[in-house]
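Inspection log for the structure reproduced underneath, given as structure tokens.
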Amino acid sequence: MKSVPKHVGIIMDGNGRWAEQRGKQRWQGHIAGAENIDNILYHAISLGVETLTVYALSLDNIEKRFDEEKQHLFRLFYSKLGYAKKKLNKEHIRLRFLGDLTKLPIHIQERADDVTLATSENNKGTLAIAMAYGGQNEIKRAVEKAYANSSDDFTKYLDSIDFPPLDLIIRTGVQDPTITRLSDFMLWQSAYAEIYSTPVYWPDFDCEEFNIAIHKFKESERKFGAVLAQRKDWGGF
Ligand code: IPE
Ligand code: IPE
Ligand code: MG
């Protein structure tokens, strides 16, 4: 049996539709979605996943969503981060953030810095939250930093510099799973990631659903551009 993915990324989509389906407000979907992160995180770590990166808010979301929804999201982030330090320290999990956090209110930035520092020595796994994040923006910022430091290796300046490459990306809330998209999620790190997509909305994506994604990953044959075994019957040119 193949091993579990070391680094899993989740594009947590479908909170709004989950709420609308239940006659609730979109922000109630975001609350349910935020609660689900804990369940999946601890389950993933127990299976052997080392890094879980969750896409919580894109730069495009910040630019294009109504103020009311953004205010709800900011309040939710602030409140969740308030509990995070104690919970993650108990589980020995470190928390990291990816993205241009300067696009977020200052009190969220401060809380994010505080939890990052307080959990930095934990070694049972990493939860990375991509917020105010855009893959193109991450690359652009890294290139700018490399240029300022006269370095010819911009990858050293990516937010996720010390993370392994993405093995598996899960996208939830995909209407038709035969056609999916990354929505600007970890464009550099996803080079050879397997992509699993499901119509299940994020708040309904439970440990069983996660197991299905892991099972599919284990079944996939990863060649990274190579040929695994030469065909003996191939006569050549
Ligand atoms: C994903 O859920 C979470 C964020 C983008 C903040 P959506 O809010 O995109 O939910 P849908 O796609 O409208 O259902
Ligand atoms: C992607 O979801 C961003 C997050 C899950 C945070 P979106 O709902 O913003 O993506 P699109 O607009 O469907 O591509
Ligand atoms: Mg969406």
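Read the numbers this way: they start at 1 and go in the same order the structure lists the ligands and their atoms.
- With a 4.0 Å cut-off on non-hydrogen atoms, Ala130 does not touch ligand 2 at all.
- Taking the six-membered ring for Trp and thresholds of 30 and 60 degrees, Tyr55 and Tyr133 have ring planes more than 60 degrees apart, a perpendicular arrangement.
- At a 4.0 Å cut-off, not a single heavy atom of Lys64 sits close enough to ligand 2 to count as contact.
- Selection from Asp13, Asp60, Thr172, Val174 by nearest heavy atom to atom 9 (O) of ligand 1 gives Asp13.
- For atom 2 (O) of ligand 2, the nearest protein heavy atom lies under 4.0 Å away.
- Counting atoms of ligand 2 from 1 in the listed order, those under 4.0 Å from a heavy atom of Arg181 are 11 (P), 13 (O), 14 (O).
- Expressed to the nearest 0.5 Å, how far CG of Asp13 lies from OG of Ser197 amounts to 11.0 Å.
- Taking a cut-off of under 4.0 Å to the non-hydrogen atoms of Ser183, the atoms of ligand 2 that pass are 1 (C), 10 (O), 11 (P), 14 (O).
- Counting atoms of ligand 1 from 1 in the listed order, those under 4.0 Å from a heavy atom of Met12 are 1 (C), 2 (O), 3 (C).
- Closest of all the heavy-atom pairs between Pro203 and Gly29 is CG-O, 3.9 Å.
- Considering backbone and side-chain N/O of Tyr55, none are found under 3.5 Å from N/O of ligand 2.
- Asp13 contributes OD1 as its N, O or S atom closest to the Mg ion (ligand 3).
- For ligand 1, none of its N or O atoms has an N or O atom of Trp18 under 3.5 Å away.
- For atom 10 (O) of ligand 1, the closest heavy atom belonging to the protein is Gly16 N, 3.0 Å.
- Asn211 and His43 share a side-chain donor-acceptor pair at under 3.5 Å.
- Both tests hold for Arg111 against Tyr78: distance to the six-membered ring centre under 6.0 Å, angle to the ring axis within 45°.
- Not a single donor-acceptor pair under 3.5 Å links the side chain of Thr53 to the backbone N or O of Ala128.
- Among all heavy-atom pairs drawn from Tyr196 and Ala213, the shortest one is CD2-CB, 3.5 Å.
- Of all the heavy atoms of Ser58, none lies under 4.0 Å from any atom of ligand 1, so neither backbone nor side chain is involved.
- For atom 7 (P) of ligand 2, the closest non-hydrogen atom on the protein side is Arg65 NH2, 3.9 Å.
- For a threshold of 3.5 Å applied to N or O pairs, the pair formed by Asn15 and ligand 1 contains at least one separation below that value.
- The atoms of ligand 1 that sit less than 4.0 Å from any heavy atom of Arg17 are 11 (P), 12 (O), 14 (O).
- With a 4.0 Å cut-off on non-hydrogen atoms, Arg171 touches ligand 2 through its side chain and not its backbone.
- In this structure, Gly173 does not count as a contact residue of ligand 1, since none of its heavy atoms falls inside 4.0 Å of the ligand.
- For ligand 1, the atoms lying closer than 4.0 Å to a non-hydrogen atom of Asn61 are 5 (C).
- Nearest protein heavy-atom contact of atom 6 (C) of ligand 1 is Ala56 O, 3.4 Å.
- At distances below 3.5 Å, at least one donor-acceptor pair connects side-chain atoms of Lys70 with backbone N or O atoms of Ile62.
- Defined by atom type and a distance below 3.5 Å, a donor-acceptor pair is present between the side-chain atoms of Asn61 and Ser58.
- For ligand 2 and Leu57, the ligand atoms under 4.0 Å from any heavy atom of the residue are 6 (C).
- Inspection of the Glu68 and Gln25 side chains reveals no N or O donor paired with an N or O acceptor under 3.5 Å.
- Side-chain N/O atoms of Arg94 and Ser120 include no donor and acceptor closer than 3.5 Å.
- Between the side chains of Thr178 and Asp176, at least one donor N or O sits under 3.5 Å from an acceptor N or O.
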